[in-house]
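The structure displayed is predicted, hence computed values, not measured ones.
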Amino acid sequence: MSQSSRRTTAGLIVLALAIAFQTIPSANHSWNGYHWARTANPFTLYLGDNLSSAWKDFLNIASSDWSQSTVLDTVVVSGQAKRNCRATAGRVEVCNAAYGSNGWLGVAQIWVSGSHISQGTVKMNDTYFNTSTYNKPEWRQMVMCQEVGHTFGLDHQDTNFSNTNLGTCMDYTNNPLGPPSNLDPNKHDYDELVTIYTHLDSTTTVGAATGSSAPAALDNPSEWGQLMKVSHGGKTQVFERDFGNGHHVVTFVIWA
């Protein structure tokens, strides 16, 4: 699905939303200061495509959207992961599979040493995306855009599913089409990326040959470690598992 085709499809679905008030987006939605170490901007981050045909266009659109940032570019490349979406040092692996009725719709995981991201994964759970509720282009695009955004170090702008859309995929919603549409990043996301990546590092983790010493695949919620944050009645949660020596894995989950 091309970006123009997607917008045509979205335009055919007419939904009304009564706007009672305008929600002001967060000015700071960094995810605990996590970021990829790099020595120059803009930097290029590879997104490994381990996706079935039903998902590939959504990743390509998300990659194009996020590459409008002035500090980073993303390039979709052949994936190196298998069904369990094993992480690869220096890049992000993006996967889909029927991971089962485990409750989660999408998961983003980052392997972190200190505040530096060394590798990441994004998983889309077809067990739920193949149901009538979520088997829609707008849900696939919003969740893909959002989970990829987390692997850059972005948190949500807002976690209330019921209030007015902020016009960004980093905003939770019960209706991705809005109005406004929550299918793409917005200016606040791009501005926050500039803030996160203003300072340069003396080393780089982008494309690095070695990653964290933590396991490269953590599929089961029981492996995610300590629950650190709960948003909006438990529909979103953040877990952290500490592997010692400054290495930990952080998991951002959207529950179906």
Side-chain angles (χ1 to χ4, degrees), residues 1-4 6-7 10 22-48 57-77 90-92 94 106 108-110 112 115-117 120 122 137-160 163-173 176-201 204-207 231 236 238 250 252 254:
M1 180 191 299
S2 67
Q3 189 163 0
S4 61
R6 184 194 66 190
R7 303 210 186 281
Q22 181 64 46
T23 303
I24 299 174
S26 169
N28 183 346
H29 56 292
S30 167
W31 186 6
N32 289 345
Y34 301 137
H35 63 282
W36 292 85
R38 73 274 171 266
T39 58
N41 288 334
F43 66 98
T44 299
L45 184 64
Y46 290 152
L47 305 178
D57 285 336
F58 298 107
L59 176 60
N60 288 330
I61 291 169
S63 174
S64 176
D65 285 344
W66 283 116
S67 294
Q68 294 180 39
S69 167
T70 58
V71 294
L72 71 85
D73 292 309
T74 63
V75 177
V76 177
V77 297
R91 56 191 271 174
V92 175
V94 185
Q109 292 180 311
I110 52 174
V112 180
S115 61
H116 291 155
I117 303 169
V122 167
E138 59 268 25
W139 274 107
R140 290 174 182 261
Q141 190 61 58
M142 187 192 77
V143 178
M144 177 66 77
C145 176
Q146 183 178 123
E147 301 299 357
V148 170
H150 285 318
T151 67
F152 308 146
L154 285 174
D155 204 338
H156 301 108
Q157 288 192 33
D158 177 72
T159 57
N160 188 331
N163 62 8
T164 305
N165 283 4
L166 301 181
T168 167
C169 64
M170 304 309 294
D171 168 35
Y172 280 127
T173 179
L177 290 178
S181 162
N182 273 11
L183 305 185
D184 314 286
N186 69 2
K187 185 177 184 300
H188 287 273
D189 298 313
Y190 297 127
D191 289 347
E192 186 61 30
L193 286 173
V194 170
T195 300
I196 293 170
Y197 288 101
T198 292
H199 85 281
L200 298 178
D201 298 288
T204 182
T205 54
V206 179
S231 301
T236 65
V238 179
V250 186
F252 221 128
I254 305 174

Go through Trp36 and Val92 one step at a time and tell me if the side chain to side chain contact (heavy atoms under 4.5 Å, CB included) criterion holds.
CA-CA 11 Å; Trp36 292 85; Val92 175; 3.9 Å; yes
Worked check of side chain to side chain contact (heavy atoms under 4.5 Å, CB included) between Val148 and Thr74
CA-CA 10 Å; Val148 170; Thr74 63; 5.6 Å; no
What do the steps show when you test Val250 against Gln109 for side chain to side chain contact (heavy atoms under 4.5 Å, CB included), and what is the final call?
CA-CA 6 Å; Val250 186; Gln109 292 180 311; over 6 Å; no
For His29 and His156, what are the C-alpha separation, side-chain angles and deciding distance, and is it a ring pair (Phe, Tyr, Trp, His ring centres under 6.0 Å)?
CA-CA 6 Å; His29 56 292; His156 301 108; 9.2 Å; no
Can you list the steps and then say if Leu59 with Val76 is a side chain to side chain contact (heavy atoms under 4.5 Å, CB included)?
CA-CA 8 Å; Leu59 176 60; Val76 177; 4.0 Å; yes
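At most 12 non-hydrogen atoms from other residues, nucleotides or ligands lie less than 6.0 angstrom from OH of Tyr46.
Not a single donor-acceptor pair under 3.5 Å links the side chain of Ser181 to the backbone N or O of Leu177. Under the 3.5 Å distance criterion, the side-chain polar atoms of Asn165 are left unmatched by any main-chain donor or acceptor of Thr173. For the pair Asp158 (side chain) and Asp171 (backbone), a donor-acceptor distance under 3.5 Å is absent. With hydrogens and angles ignored, the 3.5 Å screen pairs a side-chain donor or acceptor of Arg38 with a backbone N or O of Tyr197. In this structure a side-chain-to-backbone donor-acceptor pair under 3.5 Å is present from Thr205 to Ala37. The main-chain N or O of Ser63 is never found under 3.5 Å from a side-chain atom of Asn60 such that the two would form a donor-acceptor pair. A distance-only check finds no donor-acceptor pair linking the side chain of Trp66 to the backbone of Asp184 [under 3.5 Å].
Rounded to the nearest 0.5 Å, atoms CG (Asn41) and NE2 (His199) are 9.5 Å apart. Note that NE2 of His35 is 9.5 Å distant from OG of Ser30, once rounded to the nearest 0.5 Å. In this structure, Leu183 CG and Gln146 CD are separated by 12.0 Å, a value rounded to the nearest 0.5 Å. In this structure, the separation between SG on Cys169 and NE2 on His150 is 8.5 Å, given to the nearest 0.5 Å. Annotation: the span from Tyr190 atom OH to Thr195 atom OG1 amounts to 15.0 Å, rounded to 0.5 Å. Note that CG of Leu154 is 9.0 Å distant from OG of Ser69, once rounded to the nearest 0.5 Å.
In terms of heavy atoms, Pro180 sits closest to Leu166 at CG-C, 4.2 Å. Across every non-hydrogen atom of Asp189 and Met170, the tightest pair is OD1-CG, 3.3 Å. Smallest separation of non-hydrogen atoms from Gln141 and Ala62: NE2-N, 3.7 Å.
Looking only at side-chain heavy atoms (C-beta outward), Ile61 and Met144 stay at 4.5 Å or farther from each other. Leu72 places a side-chain heavy atom less than 4.5 Å from the side chain of Leu193.
Asp73 and Ser67 share no side-chain donor-acceptor pair at under 3.5 Å. Residues Thr39 and Thr204 bring no donor and acceptor atom of their side chains to less than 3.5 Å of each other.
The distance between the ring centers of Tyr34 and Phe152 does not fall below 6.0 angstrom.
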